[in-house]
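Reviewing the structure listed below.
Quick note: residue numbers are just sequence positions, from 1. Quick caveat, the model's predicted, so the values are computed rather than measured.
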Amino acid sequence: LINEEKLINMGFSRYVEVGRVVLINHGPDSGKLATVIDIVDQNKCLIEGPEDITGVTRQVIPYKRIALTDLKANIQRNARAKTLKAAWKEGDILAKWEGSSWAQKLESKKKRANLSDFDRFKVMVAKKQKSRIIALKIKELKA
């Protein structure tokens with residue numbers, strides 16, 4: 001009974017901890033994934049990509065500029081780049097991220113932002129055609 005209550009009434013679960021995968025949401029590395037390597041103080045942490053995979057170098061960044069994800073790499077504090085890269089491969093973190101709804105939403109936003117005027121026009125026409133087909137089918141079913 002106690003376990004069921006905990007499952008139903010789960011609290012906050014994304015903590016800033018060593019190994020937590022974060023999404024950088026501000027600055028030159030905006031939109032890239034990184035891993036928390038160490039906690040500097042109550043406002044900043046040390047992060048690294050790994051650079052080979054995500055392109056983020058080791059740097060200190062304020063918590064305001066990152067968003068915590070549900071993903072976590074199994075690493076020790078101040079892990080080397082080689083260890084971090086191995087942990088990412090072992091945990092299959094990049095594939096898990098790309099499979100998440102958050103990553104898919106960011107990808108669709110990016111795709112929509114890169115549309116040209118003619119592409120937006122084609123999308124509008126396709127939406128109109130789709131809604132017309134749906135309306136005809138509904139009308140057909142009601143009759």
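When all heavy atoms of Ala87 and Asn74 are compared, the pair lying nearest together is CB-O, 3.9 Å. Nearest heavy-atom pair, Ala103 versus Glu98, reported as atom, atom and distance to 0.1 Å: CB-CA, 4.1 Å.
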| task | Please lay out, stage by stage, how Leu106 and Leu23 fare under the test side-chain contact (heavy atoms from CB on, under 4.5 Å). | result | CA-CA 11 Å; Leu106 287 175; Leu23 178 72; 3.7 Å; yes

task: Dump the intermediate steps for side-chain contact (heavy atoms from CB on, under 4.5 Å) on Trp97 and Val21, then the final yes or no.
output: CA-CA 10 Å; Trp97 169 252; Val21 178; over 6 Å; no

TODO: Output, in order, the C-alpha distance, side-chain angles, deciding distance and verdict of side-chain contact (heavy atoms from CB on, under 4.5 Å) for Lys44 and Asp41.
DONE: CA-CA 5 Å; Lys44 294 184 285 286; Asp41 60 21; 3.5 Å; yes

Give the intermediate values and the outcome of side-chain contact (heavy atoms from CB on, under 4.5 Å) for residues Leu115 and Phe121. CA-CA 10 Å; Leu115 290 178; Phe121 173 75; over 6 Å; no

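Summarising the local packing, CG of Asp119 is surrounded by more than 12 heavy atoms from other residues, nucleotides or ligands at distances under 6.0 Å. Gln104 CD: more than 12 foreign heavy atoms inside a 6.0 Å radius.
Residues passing the ring-ring contact (aromatic ring centres under 6.0 Å, His included) test with Tyr15 are Phe12, sequence neighbours excluded.
Among residue pairs with one or both ends in residues 80-96, those qualifying as side-chain hydrogen bond (donor to acceptor under 3.5 Å, both in side chains) are Thr35-Trp88, Asp52-Lys85; sequence neighbours excluded.
Each of Thr54, Ile47, Leu33 was checked for a side chain to side chain contact (heavy atoms under 4.5 Å, CB included) with Ile24, and the lone residue meeting it is Ile47.
If you chain together hydrophobic residues whose side chains sit under 4.5 Å apart, Val16 and Leu46 never meet in one group. Note: the hydrophobic cluster containing Ile37 does not contain Ile61 (ILVMFWY, side chain heavy atoms under 4.5 Å, direct or indirect links). Val40 and Ile66 fall into different hydrophobic clusters, where Ile, Leu, Val, Met, Phe, Trp and Tyr are joined by side-chain heavy atoms under 4.5 Å apart, directly or via other members. Taking hydrophobic clusters as Ile, Leu, Val, Met, Phe, Trp and Tyr residues chained together by side-chain heavy-atom distances below 4.5 Å, Val60 shares a cluster with Ile75. Leu84 and Val56 fall into different hydrophobic clusters, defined by Ile, Leu, Val, Met, Phe, Trp and Tyr side-chain heavy atoms under 4.5 Å apart, directly or through other members.
Here the straight-line distance linking atom CZ of Arg14 with atom CG of Leu71 works out to 9.0 Å at 0.5 Å rounding. Here NZ of Lys122 is found 15.0 Å from NZ of Lys127. Values are rounded to the nearest 0.5 Å. Taking CG from Asp38 and SG from Cys45, the interatomic distance works out to 9.0 Å, rounded to the nearest 0.5 Å. Here Ile39 contributes atom CD1 and Arg77 contributes atom CZ; the two are 8.5 Å apart, rounded to the nearest 0.5 Å. Residue Arg65 holds its CZ atom at 5.0 Å from NE2 of His26, rounded to the nearest 0.5 Å.
A donor-acceptor pair under 3.5 Å links the side-chain atoms of Ser131 to the main chain of Lys128, judged by distance alone. Between the side chain of Arg20 and the backbone N or O of Thr69 there is at least one donor-acceptor pair closer than 3.5 Å.
Contact of the Ser100 side chain with the Asp70 side chain is not registered, since no non-hydrogen atoms from C-beta on lie closer than 4.5 Å.
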